[in-house]
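Quick note: numbers below take in every heavy atom, side chains included, and nothing from hydrogens, waters or symmetry partners. Fair warning: this is a prediction, and the values are worked out from it, not measured in the lab. Below, read A as the first sequence line, B as the second, and so on, with proteins coming before strands; counting in each chain starts at 1.
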Amino acid sequence: MELAQKLQILGEAARYDVSCSSSGSAGTKPTQGAKYKTGNTATAGICHTWSDDGRCISLLKVLLTNHCEYNCLYCCNRRDNDIPRAAFTPEELASLTIEFYRRNYIEGLFLSSGVVRSPDHTMSLLIETIRLLRNKYSFGGYIHVKTIPGASETSVYELGLLVDRMSTNVEFCSQSTLEYMAPEKSAKSIISPMTIVSRTKNEFSDCVRNAISVPSFVPGGQSTQFIIGAAPESDYRILTMSQKLYRNYNLKRVYYSAYIPVNSHPDLPALITAPPLLREHRLYQADWLMRFYNFDAGELVCSDFPDLDLTLDPKCSWAVNNFSIFPVEINKVDYNTLLRVPGIGVLSAKKIISARKFKTLTFEDASKMGVVLKRAVFFLTFSGKYMACNFSTSDELKFLLSDKRGRQIFSARQIGIEEINVLSV
Amino acid sequence: MYYLYDGSFEGFLSAVTYLMRDRKDLSSFRNRIWGIAVEGFEPALLPGIKTEIVPDILNDFGNYLTKNFGGEILKTIYHAFLSHESGIEDSIVLFILLARKTKQDPSARLYEDCVNKVIRASQKTRRELHRYMGLLRFQKITNPEKLKIENTTGNEICDVLRPDIFVASFEPECDILNLVSEHFANRLSSQFFIIIDRKRDTCSIHIPGEELVLKSMDKSKQSTLAYDSSFENLWCEYFKVISIKERENKTLQRSNLPLKYRKYMTEFND
């Protein structure tokens with residue numbers, strides 16, 4: 001089979017893995033001298049292009065092969081599907097990556113694979129490819145590899161010495177869902193590589209603190225992915241599990257991938273189901289609040305209200321439900337409460353804290369500094385003055401705060417159209 | 001009267017040193033009695049004084065800024081200058097005078113007009129630089145003997161070594177050729193490449209193991225170059241299949257990647 005055809009099949013097969021970032025790895029700094037002849041990593045990710053679905057592309061995202069012995073219900077590459085199958089040789093993939101890199105099409109490689117013969121055999125193929133790239137082609141760019149669930153400790157360790165980031169897709173929240181969705185995998189086989197990586201990284205950090213030299217091991221950290229909408233799991237379960245993963249395994253990112261129906265099965269949503277893109281967007285917003293705004297998952301969702309409000313972003317939704325603490329005075333309030341004001345992000349909050357040392361800030365000053373006053377005005381006072389219009393109920397406030405998609409849902413509710421039609425917007 | 005400089009950053013800073021020497025301050029600037037302009041572009045009616053670059057005075061000024069106001073201020077001013085926004089010279093002068101008056105880096109005082117303009121201009125340059133680090137596309141030349149490039153010892157590179165030569169073009173709004181070339185010199189240190197700024201007709205040449213060279217470009221050389229398209233076709237094929245049809249959203253694609261950046265991108269020009 002020709003290289004172009006292989007690239008087409010194996011690129012298409014890998015596109016549902018939404019992890020895209022090339023950031024966060026200080027793997028090869030340019031000043032450290034020429035360990036690798038070609039390539040370095042940039043700590044802030046670099047986007048190289050955007051595909052027709054609007055997603056950023058910065059890596060060559062492919063499967064090493066889409067032959068697979070597993071039969072996961074939701075996957076387009078499952079064993080029972082009759083699709084064209086292909087496999088790269090390690091040499092083909094390594095030389096393709098380096099040529100794309102030299103032309104600045106990509107920041108690096110994102111490599112996954114179907115399971116061939118056994119998890120460890122597949123891992124050995126991945127290791128061989130990446131070793132070729134690092135050693136023969138002296139490649140210093142970014143490499144992200146997907147660990148195969150069930151891989152042994154030795155193979156996870158060997159791979160970790162070669163790559164910038166590793167991830168294992170969790171996909172679902174509970175063992176019981178996994179049992180019918182992906183019977184060949186188990187919660188233990190998925191979590192075990194994550195435990196090995198996080199434990200090794202902790203041990204190596206301890207060594208560094210005690211001035212013992214250790215090799216570079218997964219400098220960019222770990223990430224994982226949940227599928228949204230394939231199984232009836234609430235946002236509450238997904239967000240609490242994400243929070244646990246961040247805290248216990250020190251993950252860099254959790255990704256949320258809206259389920260795109262590719263297979264027909266009684267346990268899966270119908271093929272005509274639109275992908276829940278708005279729900280995915282709200283989950284990412286909630287994820288950001290947990291990571292950068294010091295929110296706890298329990299503040300955003302709970303067992304009584306297990307799903308995020310689709311009409312409003314989670315921060316506005318929290319602020320409306322906790323309106324008793326507002327309005328706050330912009331010139332006096334502390335940084336953590338400032339972060340909780342809708343319309344004030346991390347950068348604006350820092351700018352406000354620095355600028356108010358020199359001057360008492362007014363409404364105009366806040367606007368110059370990039371605060372989104374359209375939302376923030378309801379929650380702030382400026383030297384005691386409240387500048388927002390009047391509103392009577394919290395529903396009215398919600399409407400005033402909601403974005404274009406949120407208002408579409410409000411209108412749909414009023415006319416009586418089922419929300420499911422607007423969910424895919 | 002206007003202090004005239006040659007258009008480069010060093011020239012601009014030299015003009016500022018003349019200004020400081022002549023003891024100009026914030027209040028007289030606000031009466032528009034004087035300003036800084038590029039030679040040949042000064043407004044009529046007011047006389048112009050030519051300024052010269054004296055390396056020692058320039059060094060001293062740089063040290064004065066860094067020592068008194070921190071390491072970031074020179075970078076901010078440099079990036080703001082490179083944005084080539086009209087009137088940015090006046091804002092930078094006000095910025096420096098404000099620093100001198102308040103005895104600290106004024107970057108946090110975003111309620112001041114001049115500070116706001118300078119910070120936004122420097123952000124504009126940095127953002128464009130970051131964008132082009134991803135959007136620049138290199139192409140391999142198949143007939144490198146057409147390019148006559150000499151290395152520092154005066155030998156013609158292409159005849160002697162026959163290396164793979166990669167060329168990239170772009171049309172940035174800000175003058176980021178120098179900054180972008182440094183990034184790629186670090187990243188592709190063993191690669192022979194040329195980056196061409198089509199808007200300003202300048203180019204940078206990177207020969208492995210040597211310093212980066214910037215020079216103005218000879219347009220006649222461009223038309224005779226032939227490019228190797230084998231990997232370009234592979235990239236275009238890959239670009240088509242990576243998109244999920246059910247999530248197609250050209251509006252989102254355009255808001256992330258405006259049309260003005262697509263002129264020299266392989267995947268949008270096949």
Side-chain angles (χ1 to χ4, degrees), chain A residues 3-5 7-9 11-12 14-16 30-31 34 37-40 42 44-58 60-62 96 99-107 138 140-141 258 260-261 274-275 277 351 354-355 357-359 361-362 364-365 368-370 424, chain B residues 102 106-113 116 119 130-140 164 166 168 182-191 193 208 230-235 237-257 261-262 265-268:
Chain A
L3 185 61
Q5 205 181 354
L7 183 59
Q8 209 175 4
I9 295 174
E12 194 172 327
R15 65 192 176 183
Y16 297 105
T31 49
K37 286 220 210 80
T38 307
N40 58 21
I46 297 178
C47 292
H48 282 254
T49 189
W50 279 264
S51 56
D52 288 343
D53 54 21
R55 295 187 299 158
C56 150
I57 301 181
S58 58
L60 175 61
K61 195 184 294 187
V62 285
L96 182 66
E99 290 299 329
F100 275 5
Y101 191 78
R102 295 174 86 189
R103 289 160 176 74
N104 201 40
Y105 297 155
I106 52 174
E107 232 6 58
S138 198
I260 315 270
L277 297 177
K351 284 183 195 171
S354 328
K357 280 190 226 157
F358 306 112
K359 181 182 189 262
L361 298 174
T362 63
E364 288 72 30
D365 295 331
K368 272 191 205 168
M369 287 194 278
S424 62
Chain B
T102 58
S107 301
R109 295 169 194 258
L110 287 163
Y111 47 84
E112 290 273 4
D113 233 356
N116 207 1
I119 297 294
H130 188 82
R131 262 186 182 281
Y132 274 112
M133 289 203 268
L135 302 182
L136 213 61
R137 297 279 183 263
F138 287 96
Q139 294 172 296
K140 192 155 103 167
D164 285 339
F166 288 84
E182 262 175 46
H183 165 79
F184 285 108
N186 279 325
R187 171 165 287 204
L188 303 170
S189 51
S190 59
Q191 195 159 298
F193 65 77
S230 48
F231 285 98
E232 281 177 26
N233 294 334
L234 284 174
W235 174 246
E237 282 305 315
Y238 174 75
F239 181 74
K240 282 191 210 131
V241 298
I242 196 69
S243 156
I244 299 178
K245 301 279 174 300
E246 291 86 347
R247 292 182 71 134
E248 191 169 290
N249 192 343
K250 294 271 174 105
T251 325
L252 182 61
Q253 187 189 36
R254 203 168 59 230
S255 90
N256 280 323
L257 184 62
Y261 292 107
R262 302 191 191 185
M265 288 176 73
T266 323
E267 58 269 28
F268 293 105

Output the option from A:Ala258, A:Ala42, A:Cys47 having the highest count of non-hydrogen pairs under 4.5 Å with chain B. A:Cys47
Pairing donors with acceptors under 3.5 angstrom, does anything connect the side chains of A:Asn40 and B:Arg187? yes
Evaluate the criterion side-chain contact (heavy atoms from CB on, under 4.5 Å) for residue pair B:Asn249 and A:Asp53; output intermediate values, then yes/no. CA-CA 5 Å; B:Asn249 192 343; A:Asp53 54 21; 5.6 Å; no
Taking side chain as everything from C-beta outward and backbone as N, CA, C, O, which of these in A:Lys357 sits under 4.5 Å from a heavy atom of chain B? Side chain, backbone, both or neither. neither
Please report the interatomic distance CZ(B:Arg247) to CG(A:Leu277), rounded to the nearest 0.5 Å. 5.0 Å
Set out, in order, the CA-CA distance, both residues' side-chain angles and the distance that settles side-chain contact (heavy atoms from CB on, under 4.5 Å) for A:Cys56 and B:Asn256, then state yes or no. CA-CA 8 Å; A:Cys56 150; B:Asn256 280 323; over 6 Å; no
Going by distance alone, is a donor N or O of one side chain under 3.5 Å from an acceptor N or O of the other, for A:Arg102 and B:Gln191? yes
Are the side chain of A:Arg15 and the backbone of B:Val241 linked by a donor-acceptor contact shorter than 3.5 Å? yes
The criterion is side chain to side chain contact (heavy atoms under 4.5 Å, CB included); which residues satisfy it with A:Glu364, sequence neighbours excluded? A:Thr362
Go through B:Leu188 and A:Tyr101 one step at a time and tell me if the side-chain contact (heavy atoms from CB on, under 4.5 Å) criterion holds. CA-CA 9 Å; B:Leu188 303 170; A:Tyr101 191 78; 4.2 Å; yes
Among B:Phe166, B:Phe231, B:Phe184, which residue has the highest count of heavy-atom pairs closer than 4.5 Å to chain A? B:Phe231
Selection from B:Glu237, B:Glu246, B:Met265 maximising heavy-atom pairs under 4.5 Å formed with chain A: B:Glu246
Please confirm whether the backbone N or O of A:Asp52 pairs with a side-chain atom of B:Glu248, one donor and one acceptor, at under 3.5 Å? no
With only heavy atoms counted, which part of A:Ala44 is less than 4.5 Å from chain B, the side chain, the backbone, both or neither? both
Check this for me: does any side-chain nitrogen of one of A:Glu12 and B:Lys240 sit under 4.0 Å from a carboxylate oxygen of the other? no
Has the side chain of A:Lys368 got a donor or acceptor atom that lies under 3.5 Å from a matching backbone atom of B:Tyr111? yes
Contact class of B:Asn116 relative to chain A, heavy atoms under 4.5 angstrom: side chain
Do B:Arg137 and A:His48 touch side chain to side chain, with heavy atoms closer than 4.5 Å? yes
Should the pair A:Tyr105 and B:Trp235 be assigned to parallel (<30°), tilted (30 to 60°) or perpendicular (>60°) ring geometry? parallel
Which region of B:Thr251, side chain (C-beta onward) or backbone (N, CA, C, O), has a non-hydrogen atom less than 4.5 Å from a non-hydrogen atom of chain A, or is it both or neither? neither
So, does B:Gln253 use its side chain to make a donor-acceptor pair with the main chain of A:Ser51 at under 3.5 Å? yes
If you count heavy-atom pairs within less than 4.5 Å of chain A, which of B:Arg254, B:His183, B:Glu232 leads? B:Glu232
Atom group of B:Glu267 that falls short of 4.5 Å from chain A, counting heavy atoms: side chain
Report which part of A:Ile9 has an atom under 4.5 Å of a heavy atom belonging to chain B: side chain, backbone, both, or neither. neither
If you tally heavy-atom pairs under 4.5 Å against chain B, which of A:Lys351, A:Arg55, A:Lys61 wins? A:Lys61
Please round to the nearest 0.5 Å and tell me the distance separating atom CG of B:Leu252 and atom CH2 of A:Trp50. 10.0 Å
For B:Tyr261, is it the side chain, the backbone, both or neither that has a heavy atom under 4.5 Å from a heavy atom of chain A? neither
Can the positive tip of B:Arg109 be found less than 6.0 Å from the middle of the six-membered ring of A:Phe358, inside 45° of the ring normal? yes
